[in-house]
Amino acid sequence: MQGQVCYMAKSKPIVTLQSYGIYSTWDSSSKALPQIEQFTTDVIAKIDVEFGLIINIKKAKGEKLHFCIYHPDIPNEEGEIMPPFEGVEYVKDNEWQFYLGDTLWEPIHNKLGPWRMTLTLNNKIIADKTFNVEIEAQKTEIDFWKSRGY
């Protein structure tokens, strides 16, 4: 009888979108992630408002996580459109949380529009959220009637 070689199939990572929206101020030097304050994809444009998403990844320790933030056409000091903000982070534990977010800075008028945030693991998008940054919240027909006492 010949010996048989048995290969264990590598288990697939389990990804959960834990929260998205507006968060408390994030301190990048702290291990603590920001706290969710409001689940939303609509962000009122204010200086230093913190928005983004938190994912939980299981069974992916050591894997390469690629993140990207596509912002509206924001010009740099030279007037050229800034490229998307992107980078790589390695999954640090077998159960790991990751925050991807951004904040607004002066001048606020050129930060309005869609901010798309993506996370990719093993060439597959595992999280994709677009936040609409606007001067004021969009009023719905329901808001219109509520403001009139109905």
Side-chain angles (χ1 to χ4, degrees), residues 1-77 80-140 142-143:
M1 247 189 173
Q2 290 187 326
Q4 291 183 342
V5 179
C6 180
Y7 293 100
M8 296 266 308
K10 187 170 179 353
S11 56
K12 285 190 173 180
I14 301 167
V15 180
T16 310
L17 177 62
Q18 284 201 289
S19 58
Y20 62 89
I22 297 172
Y23 290 86
S24 60
T25 304
W26 182 52
D27 176 4
S28 60
S29 63
S30 167
K31 285 193 172 205
L33 296 181
Q35 297 297 304
I36 185 76
E37 292 180 349
Q38 181 185 358
F39 280 89
T40 185
T41 54
D42 294 321
V43 178
I44 303 298
K46 292 185 283 201
I47 299 300
D48 295 332
V49 64
E50 184 81 44
F51 60 99
L53 55 96
I54 293 178
I55 61 163
N56 180 283
I57 304 177
K58 294 179 182 171
K59 301 180 180 178
K61 185 176 180 179
E63 300 278 343
K64 195 188 298 189
L65 180 70
H66 180 263
F67 60 85
C68 190
I69 300 174
Y70 304 88
H71 25 63
D73 292 340
I74 302 173
N76 61 18
E77 282 89 36
E80 297 167 5
I81 300 300
M82 293 171 47
F85 176 71
E86 55 188 324
V88 169
E89 191 73 36
Y90 285 91
V91 178
K92 293 176 177 53
D93 294 302
N94 275 323
E95 183 163 347
W96 189 60
Q97 288 186 310
F98 182 77
Y99 171 69
L100 177 62
D102 214 331
T103 186
L104 303 180
W105 64 95
E106 288 283 1
I108 207 91
H109 71 274
N110 67 9
K111 312 298 182 302
L112 305 177
W115 291 61
R116 181 177 176 219
M117 299 184 186
T118 62
L119 291 165
T120 307
L121 189 69
N122 299 324
N123 296 317
K124 281 172 48 189
I125 291 180
I126 57 169
D128 187 345
K129 276 285 173 207
T130 299
F131 297 91
N132 302 306
V133 177
E134 27 194 55
I135 291 294
E136 284 183 37
Q138 294 295 316
K139 300 280 188 206
T140 65
I142 293 168
D143 295 327

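This structure is a prediction, so every number in the text was calculated from the model and none was measured.
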Do [X] and [Y] come within less than 4.5 Å of each other through their side chains, counting heavy atoms only?
X      : Y      : value
Arg116 : Pro114 : no
Pro13  : Leu121 : yes
Tyr90  : Lys64  : yes
Ile47  : Ile108 : yes
Ile126 : Leu65  : yes
Ile57  : Glu63  : no
Gln18  : Ile36  : no

Side chain to side chain contact (heavy atoms under 4.5 Å, CB included) between Ile44 and Val49, worked out: CA-CA 8 Å; Ile44 303 298; Val49 64; over 6 Å; no
Pair Met117-Asp102, side chain to side chain contact (heavy atoms under 4.5 Å, CB included): steps then yes or no: CA-CA 9 Å; Met117 299 184 186; Asp102 214 331; 4.1 Å; yes
Option from Leu112, Asn110, Ile81 for which side-chain contact (heavy atoms from CB on, under 4.5 Å) with Ile74 holds: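 With Ile74 as partner, side-chain contact (heavy atoms from CB on, under 4.5 Å) holds for just one option, Asn110.
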Given Phe98, Tyr99, Tyr20, the one that forms side-chain contact (heavy atoms from CB on, under 4.5 Å) with Ile54: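 It is Tyr99, the one option of Phe98, Tyr99, Tyr20 that forms the side-chain contact (heavy atoms from CB on, under 4.5 Å) with Ile54.
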More than 12 heavy atoms from other groups under 6.0 Å of CD on Glu86: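 Enclosed: over 12 neighbouring heavy atoms sit under 6.0 Å from CD of Glu86.
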Asn76 atom CG, over 12 foreign heavy atoms within 6.0 Å: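 Yes, enclosed.
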Heavy-atom pair with the smallest gap, counting every atom of Ala127 and Ile55: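 Of all heavy-atom pairs spanning Ala127 and Ile55, the closest is CB-CG2, 4.0 Å.
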Among Phe131, Phe51, Tyr70, ring-ring contact (aromatic ring centres under 6.0 Å, His included) partner for Trp115: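 By the ring-ring contact (aromatic ring centres under 6.0 Å, His included) criterion, Trp115 pairs with just one of Phe131, Phe51, Tyr70: Phe51.
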